[in-house]
Every structure is written in structure tokens, then in C-alpha cells.
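These notes are about the structure you will find just below.
Order of appearance sets the numbers: ligands from 1, and atoms from 1 within every ligand. Remember, predicted model here, so these are calculated numbers, not experimental data.
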Amino acid sequence: MKKIPMMILAAAAIAACGPKGDPQLGKDSLDKVIAAMTIEEKAHLLIGTGMSGNAGNDPVIGMTQNIVPGAAGTTYPIERLGIPAIVLADGPAGLRINPTREGDDQTYYCTHFPIGTLLASTWNQELVESVGQSIGNEVLEYGADVLLAPALNIHRNPLCGRNFEYYSEDPVVSGKIAAAYIKGVQSNGVGTSVKHFAVNNQETNRMSNDAQVSPRAIREIYLKGFEIAVKEAAPWTVMSSYNYLNGVYTSENPELLTTVLRDEWGFKGMVMTDWYGGTNTKAQMIAGNDMLQPGRDTQYTDLVQLMSTGEIDMKVIDRNIKRILELILQSPKFKGYEYTNKPDLKAHAEVTRQSATEGMVLLKNEDNTLPLAADVKNVAVFGNTTYNFIAGGTGSGNVNRAYTVSLLDGLKNAGYVVDESLKSTYESHIAKEQARIDAAIDPNDMFAAFSPKPLPTEYQPSRKQLADMVKNNDVALITIGRTSGEFLDRYIADFTLSEAENSLIKTVCEAFHAAGKKVAVVLNIGGAIETASWKGMPDAILCAWQAGQEGGNSVADVLKGNASPSGKLPMTFPVNFADHASSANFPIDEVANTNIINNTKTSFDRKNVDYTVYEEGIYVGYRWFDTQNIEVSYPFGYGLSYTTFEYGEPAIQAGKNETTVSVSVKNTGAYAGKEVVQLYVSAPKGALDKPVHELKAFAKTAELQPGESQVLTFVVNNEDLASFDEAQSAWVVDAGTYNFHIAASSRDIKATLAADVKGSVKKANNVLNLKK
Ligand code: BGC
């Protein structure tokens with residue numbers, strides 16, 4: 001193992017007294033330690049130690065990057081005060097560090113777990129917590145201290161390039177899944193950083209875009225998930241976002257970072273910027289953005305200047321420093337934890353394999369095409385991503401894994417015979433396409449290196465090839481893939497199927513159907529795509545998402561019936577992209593980014609680039625589609641199973657402060673399976689305009705055997721029924737009769753029960769307003 005500089009290892013020695021009798025972190029009071037710090041030490045601690053090559057002449061660059069190579073950042077160590085550097089590393093689908101180190105034979109691969117969207121599709125908080133436990137164990141055993149995850153920005157529009165990292169179009173799903181993830185990761189004694197706080201819903205010009213949003217939509221849609229996560233799971237840190245919100249950078253906004261986050265929600269941890277986020281160091285300090293990451297020399301100079309001239313109140317600085325020290329005190333590094341660099345990757349591969357099956361969403365299954373019948377042996381597999389299965393998205397949400405199981409290998413592992421001639425055809429087609437794509441990429445384009453590469457065009461089998469495939473195989477599978485990532489939003493052409501994809505589905509379906517054989521489509525995607533125009537053709541459609549490094553095995557487990565899919569969509573699949581209300585105000589097919597290091601803003605008036613008006617307000621996702629009664633391809637909350645479920649007579653009980661609803665769910669089919677049940681609530685007519693219904697709770701059954709039932713109980717607190725009234729700056733619950741809908745999706749309501757709820761008004765601060 002590479003030697004770690006002595007200074008960094010000071011953590012282990014902190015018990016001893018400082019060399020000159022200096023106060024020591026952990027032994028002496030924080031106030032004493034802070035009082036002993038020089039202005040320069042404070043300036044260093046308030047920023048990170050830089051990122052190699054990216055921070056000008058910062059003298060500390062590089063001093064800590066060998067602790068865990070490839071980690072996104074560290075804090076600044078101050079040896080004389082017993083303050084170690086702690087390590088901050090991405091990201092949502094697993095720990096992101098370098099897999100190899102110079103002069104070292106050992107490898108440091110991490111497990112690539114399923115993407116956030118798949119985890120949310122499980123609607124299973126217990127399962128997400130257990131995935132979090134495994135991720136957190138890798139954080140701990142590889143020597144990191146804080147995981148820069150979970151990411152829970154709202155899927156405002158299907159084209160956001162980072163939706164794959166995020167959970168849902170609904171804040172309750174986002175918040176509950178995030179809380180479970182945080183609990184799991186933090187159960188290892190390491191921290192999380194809930195990001196990106198807040199309203200970071202597009203990648204186009206992400207460092208300078210001004211999201212212009214009504215306070216009501218901010219509170220009900222964009223902050224609600226963060227509020228749930230902060231209150232239920234107490235993340236150690238929060239990461240502010242890059243964008244402006246109503247004219248102020250989020251990292252410079254005291255209303256967001258102090259008034260709402262701390263005063264209203266009671267957050268006790270530390271806030272850090274997203275990497276290079278914001279521009280005004282003083283404003284960031286005052287706002288309560290305690291630490292600036294990854295740190296650059298101009299910030300250091302600013303801070304020294306601000307402190308030495310008295311331009312900033314030292315109380316503000318010391319408050320921020322204290323929060324950073326409180327974080328360090330909790331860290332494994334400070335506690336001298338001796339990490340092994342050997343997490344149990346085998347056990348975690350099993351965790352990702354199993355968890356992925358539970359988030360896959362069965363969209364269509366005519367005549368029980370799936371699971372594949374027991375006599376299916378020979379499978380013809382079409383589609384490029386079959387052979388290059390996509391484990392997850394690109395950018396900081398990527399994980400350096402040892403391998404990805406392709407769908408082809410997954411099928412083979414499950415005992416299927418895959419058509420070898422098709423395999424070699426595809427391999428040479430993909431190699432040719434890859435060369436064409438690589439040649440078109442500018443090697444000096446820094447975004448290109450970090451961004452998703454275009455995928456190869458789909459191969460079109462000839463008539464003769466198809467005839468052979470039909471003759472030699474029992475069934476056909478077609479994989480349709482998508483990739484996306486940081487810096488870039490998706491294009492319309494990425495949402496719709498290409499001509500080549502359409503014609504592949506059409507020709508394969510026609511050829512196999514003519515011989516009475518079935519076709520299933522597997523979607524290896526990170527976000528919603530267009531399905532309405534082609535979903536009639538195949539017999540079955542399985543949305544497998546980007547399912548992590550064991551993806552091929554997970555899909556094969558589902559196709560074979562070892563696991564029944566029990567995922568449901570955490571977002572709507574619309575008929576047309578333009579059907580989303582937000583599509584009227586979203587950067588479409590734009591490529592625009594600010595200079596990542598200097599945040600230089602060149603223009604202020606390009607619609608959807610410099611500013612984006614969230615004209616749809618709270619009408620995001622199903623809140624829009626269901627209220628307007630717009631036809632969708634697959635509704636929010638939708639997903640089939642191999643088995644069937646029957647909902648029993650529900651019961652409702654109105655308490656003083658909450659309403660309790662329960663319902664029994666019975667497995668009436670032939671397979672074991674789990675069912676996700678959703679509780680939507682419709683409010684009585686009041687002063688505020690409201691969606692036709694809103695999700696307020698959800699639950700998932702255990703695995704029910706055929707014939708078995710389970711009672712699910714949902715408790716909705718009265719205050720969860722509040723809407724935000726801007727006129728009063730208050731959360732208002734209208735008194736009256738509310739309808740509670742027990743549902744299998746937002747469009748499949750099984751029963752409705754009414755209960756009276758008493759009204760209330762809870763004042764909130766009048767903040768985060770739109771600029772006049
Ligand atoms: C991303 C964050 C990430 C950070 C550190 C930024 O570009 O937006 O999500 O945690 O980099 O890698």
C-alpha cells in the first residue's frame with residue numbers, strides 16, 4: 001500500500017497533546033481549539049485542499065489526495081491542533097475512487113449498485129437501507145469519511161441528464177427513499193451529503209442557470225424531499241447546488257441554508273458547496289455554507305482578506321468552523337479507524353444483484369410471456385446494449401467497478417443458449433460503430449471525457465438472418481439502451497426511439513410473431529423514454545433500468561422467474577415529451593455550460609439556459625397529468641408482477657392528529673411476489689388550487705406466497721396534508737372531508753375512503769420569493 005503522509009495520519013495520534021501544548025481536537029473544547037487557530041488555518045479549513053490541476057496556485061493542492069486516490073476532496077488537516085483531513089467521495093450508486101494506484105498491485109474496485117431511479121422503483125425502504133449499509137461499508141473500509149450522496153433532485157422533466165441519479169418526480173418517494181439510504185450508509189459510522197440543495201433540475205448551464213420558482217412549488221415539490229430526509233435521517237452534511245434560485249446562488253442564500261434548513265427543519269450538520277459552486281466567498285460564509293469544495297486559491301485569499309480586515313464577523317467564521325470540526329469529530333478518520341481496503345465485494349455483488357431485480361418494472365406482459373416458459377432454451381438477443389450492458393450513468397455518479405455482467409452473460413449464467421452467430425455479428429458491428437464514435441470525439445474537449453458517449457446505431461438484421469434466428473430460437477429479446485450523465489441534458493432524440501431502433505423492434509416482432517414465437521423488450525435506460533408508439537409490438541416489456549454491475553444476472557433472474565419483478569415507476573412515462581407541463585420551459589437540445597472553474601457568466605438572458613421559469617408551479621409529473629386527465633403511456637406508480645393481487649376491504653380511522661388507513665393485499669396468482677400499495681389523498685375544495693390527488697404514503701408487502709395475504713397500514717399526519725399558502729407564508733390544512741385513495745398506481749385506484757380532518761395554519765418564514 002502506498003505510504004500515507006505522516007501529517008495525515010496525525011488522526012491516529014490525536015490523543016496525545018500538541019507539541020507546544022496547543023489545544024487538541026477531541027480533548028479540548030471546540031471553542032478552545034477554534035480560539036487557537038490562526039486566520040490562515042481558519043481560511044484553509046473553510047475550503048478543501050483543491051483538486052489536482054484545477055485550483056490555480058493553491059499551495060495545499062495534492063497534500064491530501066493520496067489518502068484515498070480518486071476521492072472528490074478532503075478537508076484541510078491541521079496537525080498541531082490534532083485535526084486530521086477527512087475524505088469526501090462520490091457518489092450515489094457506490095463509492096467512486098480510483099481502482100488502481102501507482103506502484104501498488106492491489107486493486108480498489110468498488111461495487112456499482114443500481115442507479116438511484118432503480119432504487120426508488122423498489123418503493124422498498126428496508127431494501128434501500130440495506131443497499132445503503134453495503135455502500136457505507138465500502139466507504140468505511142476504503143478509508144473515506146463522507147459519501148457525496150444521496151442525490152434527490154426532482155425529476156421535473158424527463159430530459160434532465162442526471163435523473164438517473166435522482167429518485168422520482170414525487171417528493172414523498174424521493175424523501176423516504178433518501179432517508180432509508182442515509183440511514184443505511186450512516187449505520188457504518190460514516191457520513192452522507194444530501195445533494196444538490198436545491199432545485200438543480202437541469203444540467204444545461206447548471207453553474208449559472210437561475211431557476212425561477214414560486215415559493216409554493218419550492219416548498220411543496222423541490223424542498224419537501226430534502227425536508228423528509230433531513231428530519232427522518234439526520235444526514236451529516238448537505239451539499240448546496242450550483243444554480244441560482246430566484247436570483248441568488250443557493251450556496252450564497254441564507255434563507256435557504258439557514259432560515260429553512262436549520263431554523264425551520266432543525267438541521268444540525270454541516271453544509272458544503274458542490275464542486276466550485278457559487279462565486280461570492282463572503283456571501284457563502286454568511287449564508288451558512290460552511291465549507292467550500294474542492295477549494296481554490298482565490299477563496300483562500302478572499303477568506304484571509306475578509307478576516308484580517310474585519311470585513312466579515314469572526315462569529316460567522318467560527319460558527320462555520322465549529323460545524324466543520326463537529327463533522328470531523330464524528331469521522332472514522334478522527335477516531336483512528338483502521339480501514340482494511342478489503343470490503344467484502346463478493347457479498348456486495350450479491351446485494352446489488354438481488355436489489356436490482358426488485359426495482360425492475362414490468363411494463364407489459366401479454367399472455368404471460370414472462371417469465372420465460374420452462375421449455376425455452378434458445379434465445380436470440382438483439383440490441384447493442386445486450387452485449388455492452390449499461391450499469392449506470394456517467395460523471396460523478398459513475399463507479400469504478402471490476403466488471404459489468406452483460407445481459408448476454410447473464411442469460412448464459414442462467415442456463416440459456418444464446419445465438420452465437422448473432423453474437424459475433426453484433427460484436428463486429430459494435431466495434432465498427434465504436435471506432436466511428438471515438439473518431440468524432442475531440443480529444444481536447446474536457447466535457448467529452450466526462451460525458452456520456454453516443455451509443456452505437458442499432459444493427460439491422462437481414463431477412464435471411466432473421467429467418468435463421470426464428471428457426472433456431474424459442475424466443476427473441478431486444479435490448480434498447482440509453483446513457484446519460486453530468487454536464488449534459490438528454491436530447492429529444494434520446495427520449496424518442498431512433499429509426500433504427502423502431503425498425504429493429506418491428507422486423508424482429510414481425511418475423512418471430514409470424515412463427516408464433518414471442519418477443520420481449522428489455523429497457524436498459526436511466527430515465528423515461530417514449531413507449532406509446534411502439535409498445536403494441538412486443539409481447540412483453542421489462543424496464544430493467546441501469547441495474548449496476550450485476551445487471552445481466554439481475555435481468556436473467558427476472559426473465560427466468562427466479563425473482564418476480566415488483567418495481568413500480570417513480571415517474572410518469574408520457575405519451576409525448578411535450579405533454580409534461582415543464583417541457584414548455586426546459587432547455588431542449590441545448591449545449592451550454594459555464595466555465596466550470598471560474599463560473600464565468602457570459603450572458604443573462606437566454607431562456608432556459610441563463611434562466612428557467614418553472615411556470616408549471618407544483619404541477620410536476622402525475623400532479624399535472626392526472627389533474628388535466630392527459631393520456632399517459634404508463635402512469636406514475638405503475639408496474640406489473642408475474643402474480644396477481646387482490647385488495648381487501650380497506651378501513652379508515654380518523655385520529656386527532658392523523659388518519660390511519662389499512663388494507664389487506666392477497667396474492668391471488670401462481671407466483672410468489674410483492675405488491676407496492678400507494679395512498680393518494682384528495683383535499684376538499686379550499687382557497688388554493690390543488691392537484692386532483694397527491695401521494696402521501698406508500699408501503700410494500702413482504703414476499704407473499706400464492707394465497708397469502710398481508711395487511712398494510714398507512715398513517716398520514718394532518719400536517720402532511722398542508723399546502724403552502726404564499727399569501728400567508730404558511731402551511732395550511734383546510735378543514736373538511738378528505739378522500740384517501742388506496743391505489744396500485746396513480747391511475748389505478750382500488751378504493752376510496754373519506755375522513756374529516758381538522759384545519760390548521762402553521763406559519764413559515766416569508767423567504768425564497770421570486771424577484772419582482
Ligand atoms: C457534482 C456532485 C459531485 C461533485 C464531486 C460535482 O460536479 O455535481 O454531485 O458530488 O462534483 O465529484
Counting only heavy atoms closer than 4.0 Å, does ligand 1 sit against the backbone of Gln293, its side chain, both, or neither?
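Within the 4.0 Å criterion, Gln293 makes no contact with ligand 1.
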
Side chain, backbone, both or neither: the part of Arg162 lying under 4.0 Å from ligand 1 by heavy atom
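Only the side chain of Arg162 comes within reach of ligand 1.
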
Quick one: which of Gln202, Lys607, Glu616 gives a side-chain hydrogen bond (donor to acceptor under 3.5 Å, both in side chains) with Asn585?
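Of the listed options, the one satisfying the test is Lys607.
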
side-chain hydrogen bond (donor to acceptor under 3.5 Å, both in side chains) partner of Thr612, chosen from Thr204, Asn243, Asn209:
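Testing each of Thr204, Asn243, Asn209 against Thr612, the sole residue satisfying side-chain hydrogen bond (donor to acceptor under 3.5 Å, both in side chains) is Asn209.
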
Atoms of ligand 1 less than 4.0 Å from [X] heavy atoms?
X      : answer
Lys195 : 2 (C), 3 (C), 9 (O), 10 (O)
Ala72  : 5 (C), 12 (O)
Met239 : 10 (O)
Arg96  : 12 (O)
Leu148 : 10 (O)
Asp274 : 1 (C), 2 (C), 3 (C), 4 (C), 6 (C), 8 (O), 11 (O)
Ser396 : 1 (C), 2 (C), 3 (C), 9 (O), 12 (O)

Note, Val146 side chain near Val87 side chain (heavy atom, < 4.5 Å)
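Counting from C-beta outward, Val146 and Val87 never come under 4.5 Å.
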
Side-chain heavy-atom pair Arg606, Asp610 within 4.5 angstrom cut-off
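The answer is yes; the side chains approach within 4.5 Å.
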
Check whether NZ of the Lys or CZ of the Arg Arg101 lies under 6.0 Å from the centre of the six-membered ring of Tyr108 and within 45 degrees of that ring's axis.
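Yes - Arg101 lies over the ring of Tyr108, closer than 6.0 Å to its centre and within 45° of its axis.
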
Parallel under 30°, tilted from 30 to 60°, perpendicular over 60°: which one fits the rings of Tyr166 and His196?
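Rings of Tyr166 and His196: perpendicular, over 60°.
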
In terms of relative ring orientation, are His44 and Tyr76 parallel, tilted or perpendicular, with 30° and 60° separating the classes?
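Answer is parallel, since the angle falls under 30°.
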
Are any of the N/O atoms in Trp275 less than 3.5 Å from those in ligand 1?
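N/O-N/O distance below 3.5 Å does not exist for this pair.
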
Does Tyr222 form a ring pair (Phe, Tyr, Trp, His ring centres under 6.0 Å) with Tyr614? I'd like the steps, not just the answer.
CA-CA 11 Å; Tyr222 297 102; Tyr614 285 39; 5.3 Å; yes

Does Glu165 reach ligand 1, in the sense of a heavy atom lying below 4.0 Å from it?
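For ligand 1, residue contact (heavy atoms, under 4.0 Å) with Glu165 is absent.
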
For ligand 1, is Tyr276 a contact, meaning one of its heavy atoms is under 4.0 Å away?
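It does not; every heavy atom stays at 4.0 Å or beyond.
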
